[in-house]
Amino acid sequence: MLCSQGSNAMLKIVSSLFIMILFVYSGSTYAQQVNHKEANMTATGSFEVNIEPQRDTEAPAGRMILHKTYSGDLVGSGIGQMLSKRVEGGAAAYAAIEEFSGSVSGKQGTFTLIHSGFMSPQEQTLTIYVLPGSGTGELAGLSGTLDIIQEDGKHNYVFHFEL
């Protein structure tokens, strides 16, 4: 009986040590993963865009192919498709999917941007974000949003991201 009680006590000590080691190890692994991601970074620059209207005569919206060339902190190209609709009174909406290929602050890869915009005489909104899980290469795990600033006929961007 003494031997059995001693074995149970030893088993409890070993189990407790194992759980503590597992907890410490998993916590440090999680901290390494969290600390590995660079947070709240900003990239700026400009882009040129070429829009090719497509002839979809039966569709209720216009469809265009987008070709972009990025410079600045984003260096590369974007290709995508855009759908747009304008109605009497000035309201309009657009949605686009764009595939970027190149580098972000020197890191190479690709990712997908999702565009959604609306405007009326009273208001306008534009949201562009990285499709979660779309980053490849050194851009795997990328997340963020992109703002477009149009000034004097030029397109500039501010890209807020985490990698």
Side-chain angles (χ1 to χ4, degrees), residues 23 25-163:
F23 179 75
Y25 175 76
S26 66
S28 68
T29 300
Y30 176 75
Q32 288 172 353
Q33 291 171 350
V34 169
N35 291 336
H36 178 70
K37 193 164 192 168
E38 298 175 36
N40 302 321
M41 299 178 71
T42 302
T44 60
S46 62
F47 65 91
E48 300 289 325
V49 62
N50 181 25
I51 299 173
E52 296 176 21
Q54 304 299 295
R55 298 196 184 273
D56 299 329
T57 57
E58 294 181 28
R63 183 173 65 91
M64 286 134 276
I65 302 294
L66 304 172
H67 295 276
K68 293 183 178 178
T69 303
Y70 287 88
S71 59
D73 295 327
L74 298 180
V75 177
S77 61
I79 185 164
Q81 290 197 50
M82 178 173 82
L83 294 175
S84 65
K85 176 73 176 185
R86 182 179 301 271
V87 296
E88 273 188 51
Y94 97 95
I97 298 175
E98 174 186 354
E99 187 71 15
F100 174 86
S101 178
S103 67
V104 177
S105 297
K107 296 187 179 186
Q108 297 287 324
T110 66
F111 60 90
T112 303
L113 290 169
I114 305 299
H115 300 237
S116 176
F118 165 79
M119 70 177 199
S120 73
Q122 295 79 30
E123 65 180 298
Q124 68 180 29
T125 62
L126 176 60
T127 303
I128 305 170
Y129 64 92
V130 175
L131 178 65
S134 67
T136 67
E138 293 177 300
L139 301 178
L142 178 75
S143 62
T145 59
L146 185 113
D147 298 324
I148 295 176
I149 301 116
Q150 291 184 336
E151 296 175 331
D152 301 324
K154 296 184 186 234
H155 294 90
N156 297 302
Y157 65 83
V158 177
F159 186 40
H160 303 280
F161 66 99
E162 293 184 0
L163 184 59

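The distance from atom OG of Ser134 to atom CD1 of Ile97, rounded to the nearest 0.5 Å, is 11.0 Å. Once rounded to the nearest 0.5 Å, the distance linking OG1 of Thr69 with CG of Asn50 reads 9.0 Å. Atoms OH and CG, from Tyr94 and Leu83 in turn, are 11.5 Å apart once rounded to the nearest 0.5 Å. Atom OG1 in Thr112 sits 10.5 Å away from atom CG in Leu142 (nearest 0.5 Å). With rounding to the nearest 0.5 Å, the separation of CD in Glu162 from CG in Asn40 is 5.5 Å. A distance of 12.5 Å separates OG in Ser143 from NE2 in His160, rounded to the nearest 0.5 Å.
Taking both residues in full, the closest heavy atoms of Gly89 and Pro121 are given as O-CG, 3.3 Å, listed atom of the first, atom of the second, then distance. Smallest separation of non-hydrogen atoms from Glu98 and Lys68: OE1-NZ, 3.0 Å. Of all heavy-atom pairs between Lys107 and Leu139, the closest is O-CD2, 3.5 Å. Nearest approach of Phe47 to Asn156, heavy atoms of both residues: CE2-O, 4.1 Å. The two residues Phe111 and Gly135 make their nearest non-hydrogen contact at CB-CA, 4.1 Å. Of all heavy-atom pairs between Pro53 and Met64, the closest is CA-CG, 3.7 Å.
In this structure, a donor-acceptor pair under 3.5 Å is present between the side chains of Ser71 and Ser46. Judged purely by distance below 3.5 Å, without hydrogens or angles, the side chains of Thr110 and Thr136 pair a donor atom with an acceptor atom.
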- Task: Please lay out, stage by stage, how Leu126 and Ile148 fare under the test side chain to side chain contact (heavy atoms under 4.5 Å, CB included).
- Result: CA-CA 8 Å; Leu126 176 60; Ile148 295 176; 4.3 Å; yes
- Message: side chain to side chain contact (heavy atoms under 4.5 Å, CB included), that's the test. Do Leu146 and Phe161 meet it? Break it down for me.
- Response: CA-CA 8 Å; Leu146 185 113; Phe161 66 99; over 6 Å; no
- Message: Test side chain to side chain contact (heavy atoms under 4.5 Å, CB included) on Leu74 and Phe100; report intermediate values, then the result.
- Response: CA-CA 9 Å; Leu74 298 180; Phe100 174 86; 4.2 Å; yes
- Message: Run the side chain to side chain contact (heavy atoms under 4.5 Å, CB included) test on Glu123 and Phe118 for me, step by step, so that the C-alpha distance in whole Å, both residues' side-chain angles and the decisive distance to 0.1 Å come before the verdict.
- Response: CA-CA 8 Å; Glu123 65 180 298; Phe118 165 79; 3.8 Å; yes
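Checking side-chain atoms of Gln54 against main-chain N and O of Glu52 turns up a donor-acceptor pair under 3.5 Å. Looking only at distances, a side-chain donor or acceptor of Asp73 sits under 3.5 Å from a matching main-chain atom of Thr44.
Ring to ring, Phe159 and Tyr157 are not that close: their centroids are 6.0 angstrom or more apart.
The number of heavy-atom neighbours closer than 6.0 Å to CD of Gln108, taken from other residues, nucleotides and ligands shown, is above 12.
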